[in-house]
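Working notes, beginning with the structure itself.
Throughout, a chain's letter reflects where its sequence line sits, starting with A, and its residues are numbered from 1.
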2 protein chains.
Amino acid sequence: MISDRTVERLSLYRWLLEMRVDPGTVYLFSHQLASMASVSPAQLRRDLMAIGYSGSPSKGYLVKDLAGSIGAVLDGSEPSRVALVGMGNLGRAIVSFVRGRKSQLQIVATFDKDCRKTGRVISGCRCYNQDKIEEVVEKEKIITAVITVPCAEAQKVADRLVNAGVRGILNYAPVPLRVPEWVYLENRDVTAALEKVAYFARQEEERK
Amino acid sequence: MISDRTVERLSLYRWLLEMRVDPGTVYLFSHQLASMASVSPAQLRRDLMAIGYSGSPSKGYLVKDLAGSIGAVLDGSEPSRVALVGMGNLGRAIVSFVRGRKSQLQIVATFDKDCRKTGRVISGCRCYNQDKIEEVVEKEKIITAVITVPCAEAQKVADRLVNAGVRGILNYAPVPLRVPEWVYLENRDVTAALEKVAYFARQEEERK
DNA sequence: AGAGTACTGTGAAAAAAATAACAATACAAC
DNA sequence: GTTGTATTGTTATTTTTTTCACAGTACTCT
Ligand SMILES: NC(=O)c1ccc[n+]([C@@H]2O[C@H](COP(=O)([O-])OP(=O)(O)OC[C@H]3O[C@@H](n4cnc5c(N)ncnc54)[C@H](O)[C@@H]3O)[C@@H](O)[C@H]2O)c1
Ligand SMILES: NC(=O)c1ccc[n+]([C@@H]2O[C@H](COP(=O)([O-])OP(=O)(O)OC[C@H]3O[C@@H](n4cnc5c(N)ncnc54)[C@H](O)[C@@H]3O)[C@@H](O)[C@H]2O)c1
């Protein structure tokens, strides 16, 4: 089993390989890619070890090949099908962002409870009424979801998603959700992140 | 020096204490707060040790007092003044969210390069033209910033912010920024987060 | 072809983080 | 008062993550 941290870095490596490496560059050394990703060369090599990828001691890593190998691990056999619940400001921003990005991820369904949003296609994606969550998630075999509803609704939505078969949730509501241990949960609380950054900024300022 | 992880959890504890604890509750045991935060009681106690807070062995922690003590560490003496650059979909969502939230954080200035946005007050916050970054950041003594501009602009914006005196950056552009080691940087790449969640969701699905 | 070079892959070591364990303590019940 | 109980603060242990270090290797240069 590959660790949390490693998976996140692998995703970054792939993006760098696909988007930030000059197309003419065929090979890359660990220290070059590591430097782009702001990690140590040893860290990079160990991460690649986790996916069983080997480069050449004299040439380094074959750019396209490595990107492909990371993809094989991260994406599995077919593209991941994702649902997003809560088409407010944040939800719409995420949907349009993910769609515009070269990626194996597909947001195949979105949900809202506001009738002005449902039934329409927003940011290129069908928006269903939230009472269709179970039906659509099951039919579309969705196992990954993003939650961008207000705080008060988040737990209810999470419960329904889990019940419908979702196994991974990316939660943007600033409330720590409760899910069964067999559901992978990632919380992205802006407040906590900002407070953390503000705290360390102050530390740096004082240390001057 | 308090660790990264601990600071983030402290922020969560405070929020729970202020928003999720019944106002009538005066004392709380470590296992109760730990359970709300989905961490182990030992973890919670260790985190509180980091800020030198002590409870009573028989009564637990004094809710208001603990929240205040965490605040004293996280917020310092006065509220943190924050700038946000890039008033697009995401930027506006974050500004309105942070303003609506009880918090010591103040977004005191926003910037954009689009003239339709600058000069106006958006989501309750003055939006300046981006060429005013240095001037405003210095004058307002801002040391914390959020970046929500497109990928291609992020590094340029970061450089200017750092130059103007910023010491902590929360970056939402999906590109790993380069900053001096004395600037605290937190990257919040949606793609990496989603790919990670999708990966572990698949693992759980297969493990069934 | 042989020496030299600069890299990789990985075991070993170190550092960091989380968990467990437990003595010390404050209260409750009797 | 004494006994019992449940919790804290903190030390010790375990686990996880990162870094170090170096043998092994494929290439270059002479
Ligand atoms: N804007 C940010 O960057 C940001 C940051 C952190 C957290 N958040 C959180 O993300 C969430 C959304 O933020 P926003 O700014 O987009 O708010 P928003 O009010 O614009 O959007 C919320 C959307 O969810 C829909 N909704 C409400 N209940 C629902 C339900 N039960 N099922 C389906 N849809 C439902 C609403 O109709 C609305 O469209 C909030 O919890 C907010 O705290 C936002
Ligand atoms: N929407 C999301 O949740 C999400 C997720 C991940 C990443 N992002 C990233 O966040 C960024 C913003 O996303 P968005 O959806 O809000 O895009 P957007 O295009 O709506 O907003 C970008 C804003 O930045 C402004 N801008 C551009 N260059 C600037 C400069 N040099 N100085 C100041 N302002 C400038 C633009 O005028 C625009 O208002 C992008 O990098 C995107 O990839 C967004």
Side-chain angles (χ1 to χ4, degrees), chain A residues 1-13 17 21 25-63 65-67 69-70 73 176 181 184-187 192 196 200 203, chain B residues 1-13 17 21 25-63 65-67 69-70 73 176 181 184 186-187 192 196 199-200 203:
Chain A
M1 172 64 81
I2 305 177
S3 89
D4 207 73
R5 299 284 190 65
T6 296
V7 171
E8 208 159 335
R9 283 190 299 263
L10 285 171
S11 167
L12 171 59
Y13 302 151
L17 290 169
V21 172
T25 307
V26 179
Y27 284 98
L28 221 51
F29 292 121
S30 67
H31 64 261
Q32 297 177 296
L33 184 53
S35 150
M36 290 187 205
S38 299
V39 301
S40 73
Q43 175 89 85
L44 169 63
R45 295 205 298 273
R46 188 157 284 285
D47 286 337
L48 298 193
M49 218 175 123
I51 60 167
Y53 186 84
S54 275
S56 140
S58 48
K59 291 184 187 164
Y61 304 99
L62 203 45
V63 174
D65 193 39
L66 176 52
S69 296
I70 295 175
V73 173
E181 45 81 23
Y184 184 87
L185 173 66
E186 176 86 7
N187 286 304
K196 183 169 75 167
F200 286 110
Q203 297 296 309
Chain B
M1 172 64 81
I2 306 178
S3 89
D4 208 74
R5 298 286 191 60
T6 296
V7 172
E8 208 160 335
R9 283 190 299 263
L10 285 171
S11 168
L12 171 59
Y13 302 151
L17 290 168
V21 173
T25 308
V26 179
Y27 283 98
L28 221 51
F29 292 122
S30 67
H31 62 87
Q32 297 177 296
L33 184 53
S35 150
M36 291 187 203
S38 301
V39 302
S40 72
Q43 175 89 85
L44 169 64
R45 294 205 298 274
R46 181 163 279 286
D47 287 336
L48 297 193
M49 217 176 121
I51 60 168
Y53 186 84
S54 275
S56 139
S58 48
K59 292 185 188 163
Y61 303 100
L62 203 46
V63 173
D65 193 38
L66 176 52
S69 295
I70 295 176
V73 173
E181 45 82 25
Y184 184 86
E186 175 87 7
N187 286 304
K196 183 169 75 167
Y199 172 81
F200 286 110
Q203 297 296 309

Should the pair Tyr53(B) and Tyr61(B) be assigned to parallel (<30°), tilted (30 to 60°) or perpendicular (>60°) ring geometry?
-> tilted

Just call it for [X]: base, sugar-phosphate, or nothing, with non-hydrogen atoms closer than 4.0 Å on any strand.
X	result
Ser54(A)	sugar-phosphate
Ser30(A)	sugar-phosphate
Tyr27(A)	nothing

Specify the separation, in whole Å, of atom [atom1] of [X] and atom [atom2] of [N].
X	N	atom1	atom2	result
Leu44(B)	dT8(D)	CG	P	8 Å
Gln32(A)	dA6(C)	CD	P	14 Å
Phe29(A)	dA26(D)	CZ	C1'	11 Å
Leu66(B)	dG9(D)	CG	P	10 Å
Asp47(B)	dG9(D)	CG	C1'	14 Å
Leu28(A)	dT8(C)	CG	C1'	14 Å
Glu8(A)	dT18(D)	CD	C1'	16 Å
Gln43(B)	dT16(D)	CD	P	14 Å

Quick one: which of [options] gets closest to the side chain of [X]?
X	options	value
His31(B)	dT7(D), dT8(C), dA18(C)	dT7(D)
Arg46(B)	dC27(D), dC22(C), dT11(D)	dT11(D)
Ala42(B)	dA18(C), dG9(C), dT19(C)	dT19(C)
Ser58(B)	dC7(C), dA26(C), dA12(C)	dA26(C)
Pro57(A)	dT7(D), dG24(D), dT10(C)	dG24(D)
Arg45(B)	dT19(C), dT10(D), dC22(D)	dT10(D)

Closest non-hydrogen atom pair between Leu17(A) and Ala67(A), with its separation =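 It is CD1-N, 3.7 Å.
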
Heavy-atom pair of closest approach, residues Met1(B) and Phe200(A) =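 Nearest heavy atoms, Met1(B) then Phe200(A): SD-CE2, 3.9 Å.
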
Using the closest heavy atom to pick a nucleotide of DNA chain C for each, name whichever of Met49(A) or Lys59(A) lands nearer the 5' end.
-> Lys59(A)

Passes side chain to side chain contact (heavy atoms under 4.5 Å, CB included), Leu28(B) versus Met36(B)? Steps please.
-> CA-CA 11 Å; Leu28(B) 221 51; Met36(B) 291 187 203; 4.3 Å; yes

Taking for each residue the nucleotide of DNA chain D bearing the nearest heavy atom, is the 5' side occupied by Asp4(A) or by Tyr53(B)?
-> Tyr53(B)

Given side chains that start at C-beta, do those of Tyr27(A) and Val63(A) come closer than 4.5 Å, heavy atoms only?
-> no

